[in-house]
Amino acid sequence: MKLSKRESRVVEGAIAQWLEQGVITQEDSDKLKKSYQIAKIDWSLVAKYSFWIAIVCIVFSVVSVLLDEWLIRLFEEIFTAPDIAKSGFFALISALFYGFGLRRKKYAPDNMFSNEALFVLGIVSTALSIYFLGQVIQAESLTKLILMASLVYGVLGLWIPSLIVWLCALLSFGCWFGFETYQASELGYFIGLSFPLRFVVFGALLIISSLWVQRRWKSKEDFAITTRAVGLSVFFVSMWLMSVFGNYADWVVWSEVSQFTLIHWSVLLLMASIGSVYHGMKYDDELTRGFGLIFIFVNLYTRFIEYFWEGTHKAVFFAILAISFWFFGTRAEKIYSIGRANEKTKLK
């Protein structure tokens with residue numbers, strides 16, 4: 001069996017821990033180590049990006065076909081059909097993509113990237129079907145169609161099951177939330193919240209719900225982790241925007257405000273980042289730990305740029321940045337070296 005370098009490190013760590021705890025003997029450990037090889041090329045990444053490129057090429061191929069003059073006339077004749085027929089046609093196409101993907105998933109479960117690529121094509125067809133259905137029912141706003149798409153993707157993602165379809169459901173739901181609150185807002189505010197602050201709340205709700213689901217339904221753990229990753233992304237990016245713009249929806253008003261008056265948002269972002277790091281360390285969660293560490297640095301460097309860009313000579317400014325990055329780089333390198341040394345010691 002061939003494993004990537006990343007997978008091999010996980011397996012080596014597990015074997016070392018089992019040996020230390022007495023779960024397996026030294027002989028078992030040696031056998032397990034000989035049962036796999038480290039692949040020189042991470043073929044999983046090659047497969048993943050190859051299928052993404054294939055999907056992009058399919059899109060370009062379709063566009064090229066549509067640009068051909070005689071085919072344009074042909075499609076114009078075909079698409080004079082009623083909107084209900086167009087909706088049904090794309091619904092049938094999407095069902096074929098999902099069905100073929102499910103079949104491949106059943107008989108070739110290891111080909112996960114090609115299976116997911118089929119689901120992506122099904123997602124596109126589903127969106128077109130819902131769009132034409134909206135023309136039939138004469139939906140007053142696009143937001144209702146986006147919400148419908150989110151519900152359809154959510155049900156399909158859980159039923160197939162497919163994380164990429166579920167991710168599309170989350171993104172669609174986020175788009176619906178953004179458009180809906182934007183349309184209902186007055187002077188840029190929705191119940192007193194600016195656009196970024198709404199998504200702080202939205203991201204926090206996704207994080208809380210994902211943690212609740214992960215504890216309650218272990219079978220849906222992968223979906224909960226995906227939801228939490230989206231929630232953390234939305235929450236921290238929105239909190240960072242709040243640290244820059246505050247709860248202001250008017251650019252003119254914001255431009256007249258001193259950045260120092262928004263320092264409380266920076267403090268809240270720092271507290272949230274430290275809390276995320278603490279959670280990651282306590283529960284050995286790389287996701288929360290990683291987001292926390294990233295946004296601690298993003299927060300600090302953003303404040304440095306805000307407060308020192310104008311009053312500092314640019315040579316000094318960039319020299320300070322270079323020294324700080326060099327310092328953190330050497331610290332990270334040292335921590336990595338210590339970790340590798342500990343792993344080698346355990347293996348011995």
Side-chain angles (χ1 to χ4, degrees), residues 140-144 146-147 150 170-209 228-279 288 290-328:
E140 296 179 358
S141 65
L142 187 63
T143 56
K144 292 182 176 61
I146 296 174
L147 179 59
S150 176
L170 294 174
L171 296 177
S172 301
F173 189 63
C175 290
W176 168 79
F177 176 79
F179 282 123
E180 190 70 23
T181 56
Y182 177 78
Q183 291 178 357
S185 60
E186 295 182 4
L187 301 176
Y189 294 97
F190 178 75
I191 58 173
L193 307 178
S194 64
F195 201 77
L197 189 51
R198 295 171 222 167
F199 277 95
V200 170
V201 177
F202 181 79
L205 290 175
L206 285 182
I207 295 168
I208 294 169
S209 61
R228 186 149 51 92
V230 173
L232 286 167
S233 301
V234 172
F235 175 82
F236 277 109
V237 171
S238 300
M239 277 295 294
W240 174 74
L241 289 173
M242 291 300 299
S243 73
V244 176
F245 301 106
N247 192 27
Y248 291 100
D250 191 316
W251 287 94
V252 176
V253 176
W254 171 77
S255 63
E256 296 174 353
V257 173
S258 169
Q259 284 300 118
F260 191 75
T261 61
L262 306 177
I263 191 67
H264 58 286
W265 290 110
S266 304
V267 174
L268 288 173
L269 175 57
L270 183 61
M271 291 172 61
S273 302
I274 292 173
S276 185
V277 172
Y278 173 75
H279 178 276
T288 51
F291 269 97
L293 287 171
I294 288 170
F295 277 91
I296 284 175
F297 289 112
V298 168
N299 191 13
L300 292 175
Y301 280 108
T302 302
R303 303 292 78 78
F304 177 75
I305 293 170
E306 280 181 346
Y307 301 142
F308 297 102
W309 174 257
E310 293 185 359
T312 309
H313 192 282
K314 297 304 176 278
V316 176
F317 180 86
F318 286 108
I320 294 172
L321 282 180
I323 292 169
S324 66
F325 277 112
W326 185 278
F327 172 78
F328 289 126

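Remember, predicted model here, so these are calculated numbers, not experimental data. Note that these values count all heavy atoms, side chains included, but never hydrogens, waters or copies made by symmetry.
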Original post:
Could you give the distance from CZ (Phe173) to OG (Ser150), rounded to the nearest 0.5 Å?
Top reply: 6.0 Å

Subject >> Backbone N/O of Gly192 and side chain of Asn247: donor-acceptor pair under 3.5 Å >> reply: yes

Subject >> For Tyr182 against Arg198, the heavy-atom pair lying closest together >> reply: N-NH1, 3.6 Å

**OP:** Can you measure from NE2 (His264) to OG (Ser243) and round to the nearest 0.5 angstrom?
**Re:** 10.5 Å

Original post:
Do the non-hydrogen side-chain atoms of Arg228 and Leu206 ever get within less than 4.5 Å of each other?
Top reply: no

Which atom pairs, one a donor and one an acceptor, fall under 3.5 Å between side chains of residues 230-238 and the rest of the protein, sequence neighbours left out?
residue	atom	partner	partner atom	Å
Ser233	OG	Ala229	O	2.8
Ser238	OG	Val234	O	2.7

Subject >> Arg303: salt bridge (charged side-chain N to carboxylate O under 4.0 Å, His left out) partners, not counting sequence neighbours >> reply: Glu306

Original post:
Which atom names give the shortest non-hydrogen contact between Val252 and Asp250, and what distance separates them?
Top reply: N-OD1, 2.8 Å

Subject >> Over all atoms of both residues, closest heavy-atom pair of Phe202 and Gly174 >> reply: CZ-CA, 3.7 Å

Original post:
Got a sec: does the OH of Tyr189 have more than 12 other heavy atoms crowding it under 6.0 Å?
Top reply: yes

Subject >> Interatomic distance, Leu268 atom CG to Ile263 atom CD1 [nearest 0.5 angstrom] >> reply: 10.5 Å

**OP:** Could you tell me whether the side chain of Leu262 reaches within less than 4.5 Å of the side chain of Tyr248, counting heavy atoms only?
**Re:** yes

**OP:** Answer yes or no: is there a side-chain heavy-atom contact under 4.5 Å between Ser194 and Met242?
**Re:** yes

Original post:
Which heavy atom of Val244 sits nearest a heavy atom of Thr302, and at what distance?
Top reply: CG2-CG2, 4.0 Å

Subject >> Flag, side chain of Thr181 to backbone of Phe177, donor-acceptor distance under 3.5 Å >> reply: yes

Original post:
With sequence neighbours left out, what residues match His279 under side-chain hydrogen bond (donor to acceptor under 3.5 Å, both in side chains)?
Top reply: Thr288

**OP:** State, to 0.1 Å, how close Ser266 and Asn299 come at their nearest heavy-atom pair, and which atoms those are.
**Re:** O-ND2, 3.0 Å

Subject >> Rounded distance [0.5 Å steps], CE in Met239 versus CZ in Phe295 >> reply: 10.5 Å

Subject >> Spacing of CG belonging to Leu147 relative to CH2 belonging to Trp176, to within rounding of 0.5 Å >> reply: 5.5 Å

Original post:
With no hydrogens and no angle check, is any side-chain donor or acceptor of Tyr301 less than 3.5 Å from a backbone partner on Ile296?
Top reply: no

**OP:** Decide yes or no for Trp265 and Val200: does some side-chain heavy atom of the first lie under 4.5 Å from some side-chain heavy atom of the second?
**Re:** no

Subject >> Other residues, nucleotides, ligands: >12 heavy atoms within 6.0 Å of Phe199 CZ >> reply: yes

Subject >> Ser273 side chain vs Leu269 backbone, donor-acceptor pair below 3.5 Å >> reply: yes

